[in-house]
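Here the structure is laid out as structure tokens; the discussion comes afterwards.
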Amino acid sequence: GAGVSQSPSNKVTEKGKDVELRCDPISGHTALYWYRQSLGQGLEFLIYFQGNSAPDKSGLPSDRFSAERTGGSVSTLTIQRTQQEDSAVYLCASSPGKSREKLFFGSGTQLSVL
Amino acid sequence: GEDVEQSLFLSVREGDSSVINCTYTDSSSTYLYWYKQEPGAGLQLLTYIFSNMDMKQDQRLTVLLNKKDKHLSLRIADTQTGDSAIYFCAESMGTDKLIFGTGTRLQVFP
């Protein structure tokens, strides 16, 4: 596609359930990022993939959060046993190679945990 | 620590200039960025500046960098209602990771 695509755009779940959020980066982009945007707060870095290198997971808030990137393209962010404080907009971004001049962001997934 | 700080709100009259300020912590940052987020949308890159530059101008946008004080600003000339959005500054750390500020909500009134 022409841009970064995220699905679903909205997700409502019950506390304790697992959720999977998907990100389709721009074709050919080797770098992929996940950020979390909570109401009234900035963007919180979660995880970063670059090519075949080991991902930078330093921003994952707990072991309930995990992410994978299959075949260097699509990425899935999984949150296990969701809590109400996980409610936020989860944003994915990609960039070509190591070019940090421009990240292309998706529109995000609004996660609401009831 | 990795703190990028911004004021939360700015309100300006249409036609005036807007100045959005940001302070960052990592003196080794090589790039500093300004992103814009319109309601319900992802972030879009507005402009960026290399750390060896003091100023960059791009049409109505002027970025000023004070490396000594680790201070970055974005000036929008002739602010329009379409400029109303949240503006994020970001720094690149030693790796490729970008650290974003809390965002400044700019409101433009007629």
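All of these numbers come straight from a predicted model, not from anything done at the bench. The sequence lines fix the lettering, A, B, ..., with proteins before strands; numbering per chain opens at 1.
Residues B:Glu14 and B:Gln80 meet the side-chain proximity criterion, which asks for heavy atoms closer than 4.5 Å.
Only the side chain of A:Leu91 has a heavy atom closer than 4.5 Å to any heavy atom of chain B. Contact annotation for A:Ser9: neither backbone nor side-chain heavy atoms come within less than 4.5 Å of a heavy atom of chain B. A:Gln37 touches chain B through its side chain: at least one heavy atom from C-beta onward sits under 4.5 Å away, while N, CA, C and O do not. Heavy-atom distances place the side chain of B:Gln37, and not its backbone, under 4.5 Å from chain A.
Sparse packing is recorded around CG of A:Asn52, with 12 or fewer heavy atoms of other residues, nucleotides or ligands lying under 6.0 Å away.
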- Intermediate values then yes/no, salt bridge (charged side-chain N to carboxylate O under 4.0 Å, His left out), A:Arg22 and A:Asp24: CA-CA 7 Å; A:Arg22 178 186 168 104; A:Asp24 282 272; 2.8 Å; yes
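For B:Tyr87 and B:Tyr35, the ring centers are positioned 6.0 Å apart or more.
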